[in-house]
Amino acid sequence: MTTTRLVTVAPLTKRRSRKPLAADAPPPSIAPGPAARTFGIIALVVATLYFLVPVFWLVVASTKNNTDLTSTFGFWFAEPNLAANYDSLMGWTQGLFWRWVGNSLFYSLSAGVIGTLFAVMAGYAIAKFAFPGKKLAVGIIMAGLLLPVALLTVPLYIEFQALGLTNTVWAIIIPSAVSPFGVFLGMVYAQSSVPTELLEAARIDGAGEGRIFFTIVLRLLGPAMVTIFLFIFVATWNNFLLPLMMISSPDLKPVTLGLYGMMSYFSPDKGAVMLGALLGVIPLIALFFTLQKYWRSGLAAGAVKG
């Protein structure tokens, strides 16, 4: 007859958090002193206030009417007027406000996806292939980084008008999808993050260049792609001069151009305009919070080689 012994296992104690050791601290030669730390904290606080105070003011202003905007303290709430501002916003825009937001979202997403794909393809090709005119191509891309966008708007309008593409969605998407910075970032990241040995091994196994790019390279370029996408998305969303030149139909306007139309009236409802600006920036905030960890890693692309 076999007997079974019951073994009592003592409960595991809660694991204590490891205290920072002296070895974790930076060497004294590079450790910041008290003055440097104090200055760093002050700089961070000032930068935080610089970015958050306008947003808080926008939230407060979106709840006020024209009288309260000029007669009450700017950084605190007055009599709530949010519902009236929203009704005024819908009335002034003839119910097109959310369509404008949808247009901006469509333009930004389309330009972001197309521009990111072409940017990493061009950057990967420049980084990993040898071809005639490679130095010239890099020079043109670097020159494109120095040209202001406003300088190219009028030539783009003349070209698109000749092609019959003005007042169409392509007049916004095609110019916005071209990103010299995206090509440059894709080139730098491909040089440091795509091993040449991995590409050679894939070619020996019989993989074509298209399969190598879409199954291997795109995964390695993921962080850089997120950063490029965010830059193109934000630039397209905030672009005002290009839609002003290209778009005349109210149904195709982005939210930036639509809100400008509200401010061009003789006596606009400024509280409604502030509410429209607040609602129009919410998609950007949501996008940044969603992709911020990938964005931080992409910003460090090419900073360290090895």
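What you are looking at is a predicted structure, and each value in this text was computed from that prediction instead of being measured.
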Of all residues at least two apart in sequence or in a different chain, which pass the side chain to side chain donor-acceptor pair (under 3.5 Å) check with R211?
none

Quick one: which residue pairs count as a side-chain hydrogen bond (donor to acceptor under 3.5 Å, both in side chains) with a foot in residues 198-208, not counting sequence neighbours?
R203-E209

Of all heavy-atom pairs between V120 and M225, which one has the smallest distance, and what is that distance?
CG1-CG, 3.5 Å

Specify the closest pair of heavy atoms between F240 and T256, including all atoms of both residues, with the distance to one decimal.
CD1-O, 4.2 Å

Please tell me whether V178 and I232 are part of a single hydrophobic cluster in this structure, the criterion being side-chain heavy atoms less than 4.5 Å apart.
no

Does a side-chain heavy-atom distance below 4.5 Å link I114 with I173?
yes

Please give me the minimum heavy-atom distance between L242 and S176, naming the atom from each residue.
CD2-OG, 3.9 Å

What closest approach, in Å, do A286 and T290 show between heavy atoms, and which atom pair accounts for it?
O-OG1, 2.7 Å

Could you state the interatomic distance from CZ (F118) to CD1 (I228), rounded to the nearest 0.5 Å?
13.5 Å

In terms of heavy-atom contacts, does CZ of F56 have more than 12 from other residues, nucleotides or ligands at under 6.0 Å?
yes

Going by side chain to side chain contact (heavy atoms under 4.5 Å, CB included), name the residues that satisfy it together with A127, two or more places apart in sequence or in a different chain.
M187, A190, Q191

Scan the side chains in residues 141-164 for donor-acceptor partners under 3.5 Å anywhere in the protein, sequence neighbours excluded, and list what turns up.
from : atom 1 : to   : atom 2 : distance (Å)
T153 : OG1    : V149 : O      : 3.2
Y157 : OH     : Q161 : NE2    : 3.4

With under 30° as parallel and over 60° as perpendicular, where do the rings of F233 and W237 fit, or are they tilted in between?
parallel

Other than Y50, which residues form its hydrophobic cluster under the rule that side-chain heavy atoms must be closer than 4.5 Å?
F51

same_hphob_cluster(V101, I282) at 4.5 Å side-chain heavy-atom cutoff
yes

Mark yes when over 12 heavy atoms from residues, nucleotides or ligands other than F213 sit less than 6.0 Å from its CZ; otherwise mark no.
yes

Side-chain contact test, heavy atoms from C-beta onward, threshold under 4.5 Å: evaluate it for Y107 versus P254 and give yes or no.
yes

Mind checking the CG-OG1 spacing from L221 to T227? Nearest 0.5 Å is all I need.
11.5 Å

Members sharing V55's hydrophobic cluster, built from side-chain contacts under 4.5 Å between Ile, Leu, Val, Met, Phe, Trp and Tyr, are none

Out of curiosity, I247 CD1 to I172 CD1, how far, rounded to the nearest 0.5 Å?
4.5 Å

Return the CG to OG distance between L275 and S88, rounded to the nearest 0.5 Å.
9.5 Å

List the residues meeting side chain to side chain contact (heavy atoms under 4.5 Å, CB included) with V46, not counting sequence neighbours, and say none if there are none.
I42

Are V183 and I140 grouped together when hydrophobic residues (ILVMFWY) are joined by side-chain heavy atoms under 4.5 angstrom apart?
no

Under 4.5 Å between side-chain heavy atoms, counting indirect links through other Ile/Leu/Val/Met/Phe/Trp/Tyr residues: same cluster for I174 and M245 or not?
yes

When clusters are formed by joining ILVMFWY residues with side-chain heavy atoms under 4.5 Å apart, either directly or through shared neighbours, do L52 and I285 land in the same one?
no

Could you tell me if the side chain of V194 sits less than 4.5 Å from the side chain of Y189, heavy atoms only?
no

Measuring from atom NZ of K253 to atom CG of L244, what distance do you get when rounded to the nearest 0.5 angstrom?
9.0 Å

List in chain and number order the residues that pass side chain to side chain donor-acceptor pair (under 3.5 Å) with T196, two or more places apart in sequence or in another chain; answer none if no residue qualifies.
K128

Considering only distance and modelled atom types, tabulate donor-acceptor pairs under 3.5 Å from the side chains of residues 71-80, sequence neighbours left out.
from : atom 1 : to  : atom 2 : distance (Å)
S71  : OG     : T67 : O      : 2.7
T72  : OG1    : K64 : NZ     : 3.1
T72  : OG1    : D68 : O      : 2.4

Is the shortest heavy-atom distance from the side chain of V234 to the side chain of F288 under 4.5 Å?
yes

L44: what forms a side chain to side chain contact (heavy atoms under 4.5 Å, CB included) with it, not counting sequence neighbours?
none

Answer yes or no: is there a side-chain heavy-atom contact under 4.5 Å between L230 and L287?
yes

How many angstroms lie between atom CG of D269 and atom CG of N65, to the nearest 0.5 angstrom?
8.0 Å

Once side chain to side chain donor-acceptor pair (under 3.5 Å) is applied, do any residues pair with W98, and if so which ones, sequence neighbours excluded?
Y86

Does any part of the side chain of V273, heavy atoms only, come nearer than 4.5 Å to the side chain of Y260, both counted from C-beta?
no

Testing the basics here: between F97 and G280, what is the closest heavy-atom pair and its distance to 0.1 Å?
CZ-N, 4.4 Å

Can you name the nearest heavy-atom pair linking L69 to G271, along with the distance?
CD1-N, 3.9 Å

Does F129 have any ring pair (Phe, Tyr, Trp, His ring centres under 6.0 Å) partners at least two apart in sequence or in another chain, and if so, which?
Y124

